[in-house]
Amino acid sequence: MNKKQIRIGMIGYKFMGKAHSHAYRDVAFYFDPKVEPVLQAICGRNEEKVKEAANKFGWNSYETDWRTLIKRDDIDLIDIVTPNYNHAEIAIAAAEAGKHVFCEKPLAMDLEQSKRMLEAVEKNKVLHMINHNYRFAPAIQFAKKLIEEGRLGKIYHIRATYLQDWIMDPQFPLVWRLNKDVSGSGSHGDLAAHSIDLARFLVGEFKEVTGIMETFIKQRPIVEDSDGLSGTASSDKLGDVNVDDASVFIAKFENGAIGTFEATRFAGGNKNGNRFEINGEKGSIRWDVEHMNNLEVYFHDDEPGLQGFRTITCTEEIHPFAGAYWPAGHIIGYEHTFINLVEELLSGIGQGYSPSPNFYDGVKNQAVLEAVEQSSRTKQWVSIEDIVQNLENR
């Protein structure tokens, strides 16, 4: 039988546009999704470049105005892979047009925007999801299973770092990720958002935080052109950097666990160091995205002399999602986290529910991000509940 089709309109076409396009194209190769994704139209402001992307990525058509795309009757789902500043406007317009919405992280520029986005999808009864793809590494899903089964017992600690070094050169240009009006924040929203999501997924809800944020290089050359994480300077003229280069914070969780979090683009030698360790009363786990197929596991009840971390290669059929790919030991890569997420998205659409992480998770994530920013300004502990309550009282 022919499957129901979900016709996708994607806004944006660079780094994440490539990743999302690949996932839609390959998901049926590995899985049997509930609905069939159709790459109906891709949208970008530069006609020459978006046409090139449409041809390369396999889209049926292209647009240069996202409002035109949303109005099209042959689009069922809007996929937002644009810079952060227009997530809210696009998502709300898409929801009001009756389109399902899939959005890149962070969900919005701030908590207020994210709440309006959640209200819009709920009011218009459309399905929604946010792209926290690292949740969908088989090792992360297996870690979740171990925690839910009580194998680690009561959780005491999480220490998470997301370390990069791609802007350490003072001559690196002022790309959009370094402009608060476009990105909302720097390493905090870009990198710490991933660590926060993994912590919520594996440990639980945040209760309160205290932290600092720092900008090491205050001015950079004005950018002429940028693509993904690279760019070229237009001249010797400098512009102000108004986002953080690094954020560090301590957290208390609702369940009594405590955590430390560090996100920086100034950790020389670290290209994409998304790592964490979780310690519980019965055991511990470690994970590093640069070795994403592996989960390091330690259990207290191992016999003396054999205690210590062991490395589990999460490529066997027993490991979530892994059975769809290759024989045990044949590793998968970064792109497959997007395929696994898209499989969840399509399953949700086919069965009429919004898979997690969705806009609800995006709002929770945004509240933690905002609480850390407030703490950095006030040099005090900030309650997540108070952040949300203050927004509701405005």
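Computed from a prediction, not measured in an experiment: that's the story for all the values here.
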Exercise. Do you see a donor-acceptor pair shorter than 3.5 Å between the side chains of S61 and R72?
Worked result: yes
For this session: Please tell me if the side chains of H188 and L369 come closer than 4.5 Å, counting only heavy atoms from C-beta onward.
Result: yes
Problem set entry | Parallel, tilted or perpendicular: rings of H194 and H132 (30°, 60°) | perpendicular
Exercise. R265 versus M168: any side-chain heavy-atom pair under 4.5 Å?
Worked result: no
For this session: Return yes if some donor-acceptor pair links the side-chain N/O of H22 with the main-chain N/O of H20 below 3.5 Å, else return no.
Result: no
For this session: Write down the atom of L341, the atom of N131, and the distance for their closest heavy-atom approach.
Result: CD1-OD1, 3.2 Å
Exercise. Would you say the side-chain atoms of D244 and T215 include a donor-acceptor pair closer than 3.5 Å?
Worked result: no
For this session: Carefully, step by step, assess E96 and N124 under the rule side chain to side chain donor-acceptor pair (under 3.5 Å).
Result: CA-CA 6 Å; E96 290 174 345; N124 293 282; 5.4 Å; no
Exercise. Taking atom CD of E370 and atom CD of E112, what is their separation to the nearest 0.5 Å?
Worked result: 9.0 Å
For this session: Kindly work out whether a path of hydrophobic side-chain contacts (I/L/V/M/F/W/Y, heavy atoms less than 4.5 Å apart) joins L346 to F338.
Result: yes
Exercise. For E205, what residues pass the side-chain hydrogen bond (donor to acceptor under 3.5 Å, both in side chains) criterion, not counting sequence neighbours?
Worked result: R200
Exercise. What closest approach, in Å, do P221 and L238 show between heavy atoms, and which atom pair accounts for it?
Worked result: N-CD2, 3.5 Å
For this session: Answer whether the closest heavy-atom distance between the side chains of D288 and N274 falls below 4.5 Å.
Result: no
For this session: For K4, look at atom NZ and say whether over 12 heavy atoms of other residues, nucleotides or ligands are found less than 6.0 Å away.
Result: no
Donor-acceptor pairs under 3.5 Å, side chain of residues 252-264 to any protein atom, not counting sequence neighbours: which ones?
unit_1 : atom_1 : unit_2 : atom_2 : d
N255   : OD1    : A257   : N      : 3.1
N255   : ND2    : V203   : O      : 2.8
T264   : OG1    : F266   : N      : 2.9

For this session: Indicate whether any N or O donor in one side chain lies under 3.5 Å from an N or O acceptor in the other, for Y24 and D79.
Result: yes
Exercise. Minimum heavy-atom separation for I130 to E104, with atom names?
Worked result: CG1-O, 4.1 Å
Problem set entry | Residue pair L77 / L345, side-chain heavy-atom distance below 4.5 Å | yes
Exercise. In this structure, are over 12 heavy atoms from other groups packed under 6.0 Å from D73 atom CG?
Worked result: no
Exercise. Roughly how far apart are T64 OG1 and K49 NZ, rounded to 0.5 Å?
Worked result: 15.0 Å
Seminar exercise, completed: Heavy-atom closest pair (L39 atom, S21 atom, distance to 0.1 Å) is CD2-O, 4.3 Å
Exercise. Rounded to the nearest 0.5 Å, how far apart are OG1 of T337 and CZ of F321?
Worked result: 10.5 Å
For this session: Test side chain to side chain donor-acceptor pair (under 3.5 Å) on E47 and Y62 and set out the steps.
Result: CA-CA 8 Å; E47 183 170 8; Y62 70 88; 2.8 Å; yes
For this session: Apply the test side chain to side chain donor-acceptor pair (under 3.5 Å) to residues Y134 and Y162: give CA-CA distance (whole Å), side-chain angles for both, the deciding distance (0.1 Å), then the verdict.
Result: CA-CA 12 Å; Y134 293 123; Y162 205 141; 2.9 Å; yes
For this session: Name all pairs fulfilling the side-chain hydrogen bond (donor to acceptor under 3.5 Å, both in side chains) condition that reach into residues 371-386, sequence neighbours left out, sorted by first residue then second.
Result: T210-S375
For this session: Group every Ile, Leu, Val, Met, Phe, Trp and Tyr by side-chain heavy-atom contacts under 4.5 Å, then state whether I384 and L118 land in the same group.
Result: no
Exercise. Does the distance from a Lys or Arg side-chain N to an Asp or Glu carboxylate O, for E89 and R67, drop under 4.0 Å?
Worked result: yes
For this session: Check whether any side-chain heavy atom of K18 sits under 4.5 Å from a side-chain heavy atom of K14, and report yes or no.
Result: no
For this session: Quick one: sort the F249 and F206 rings into parallel, tilted or perpendicular, breaks at 30° and 60°.
Result: tilted
Exercise. When rounded to the nearest 0.5 angstrom, what is the spacing between NZ in K51 and CD in E63?
Worked result: 13.5 Å
Exercise. Are Y334 and L295 joined in one hydrophobic group, where the rule is that I, L, V, M, F, W and Y side chains link up if heavy atoms are under 4.5 Å apart?
Worked result: yes
Exercise. Would E149 and K145 pass as an ion pair if we require N to O under 4.0 Å?
Worked result: yes
For this session: Before giving the answer on side chain to side chain contact (heavy atoms under 4.5 Å, CB included), spell out for H87 and M117 the whole-Å C-alpha distance, their side-chain angles and the decisive distance to 0.1 Å.
Result: CA-CA 9 Å; H87 286 188; M117 293 167 72; 4.2 Å; yes
Seminar exercise, completed: With R116 as partner, the option from V363, I92, L111 fulfilling side chain to side chain contact (heavy atoms under 4.5 Å, CB included) is I92
Exercise. Parallel, tilted or perpendicular for W287 and F276, by the 30°/60° rule?
Worked result: tilted
Exercise. Under a 4.0 Å N-O cut-off, is there an ion pair linking R220 with D240?
Worked result: no
Exercise. Under a 4.5 Å side-chain heavy-atom rule over Ile, Leu, Val, Met, Phe, Trp and Tyr, are M213 and I196 clustered together?
Worked result: no
Problem set entry | Test: D361 and R135 ion pair at under 4.0 Å | yes
Exercise. Does the side chain of D65 reach to within under 4.5 Å of the side chain of C43, using non-hydrogen atoms?
Worked result: no
For this session: Hey, could you give me each pair passing side-chain hydrogen bond (donor to acceptor under 3.5 Å, both in side chains) that has a residue in residues 314-329? Not counting sequence neighbours.
Result: Y325-N340
Exercise. Would you say I70 and V50 are hydrophobically clustered, going by side-chain heavy atoms of ILVMFWY under 4.5 Å?
Worked result: no
Exercise. With distance as the sole test, does D26 use its side chain to make a donor-acceptor pair with the main-chain N or O of F29 at under 3.5 Å?
Worked result: no
Exercise. Should the pair R25 and F57 be classed as cation-pi, given the thresholds of under 6.0 Å to the six-membered ring centre and 45° from the axis?
Worked result: no
Exercise. Side chains of I80 and V101: closer than 4.5 Å at any heavy-atom pair?
Worked result: yes
Exercise. When you look at D302 and R310, which way does the salt bridge (charged side-chain N to carboxylate O under 4.0 Å, His left out) test go after all the steps?
Worked result: CA-CA 11 Å; D302 286 343; R310 70 192 74 168; 2.3 Å; yes
Problem set entry | Criterion side chain to side chain donor-acceptor pair (under 3.5 Å) on W176 and S183, from CA distance to verdict | CA-CA 7 Å; W176 71 264; S183 62; over 6 Å; no
For this session: For residues Q164 and L191, determine if any side-chain heavy atom of one lies less than 4.5 Å from a side-chain heavy atom of the other.
Result: yes
Seminar exercise, completed: Joining Ile, Leu, Val, Met, Phe, Trp and Tyr whenever any side-chain heavy atoms lie under 4.5 Å apart, the cluster holding F309 also takes in Y298
For this session: Measure the spacing between OH of Y353 and CE of M129 and express it to the nearest 0.5 Å.
Result: 8.5 Å
Seminar exercise, completed: What one should report as the nearest heavy-atom pair of W59 and I8 is CZ3-O, 3.3 Å
Seminar exercise, completed: d(N294 CG, E296 CD) to nearest 0.5 Å is 7.5 Å
For this session: Please identify each residue that fulfils side-chain hydrogen bond (donor to acceptor under 3.5 Å, both in side chains) with R159, with sequence neighbours left out.
Result: E277, N279
Seminar exercise, completed: For K99 and I75 the tightest heavy-atom approach is NZ-O, 2.8 Å
Exercise. Taking the six-membered ring of F201, is the NZ or CZ of K144 close enough (under 6.0 Å from the centre) and on axis enough (within 45°)?
Worked result: yes
Exercise. Can a salt bridge be assigned to the pair D32 and K3 using a cut-off of 4.0 Å between side-chain N and carboxylate O?
Worked result: yes
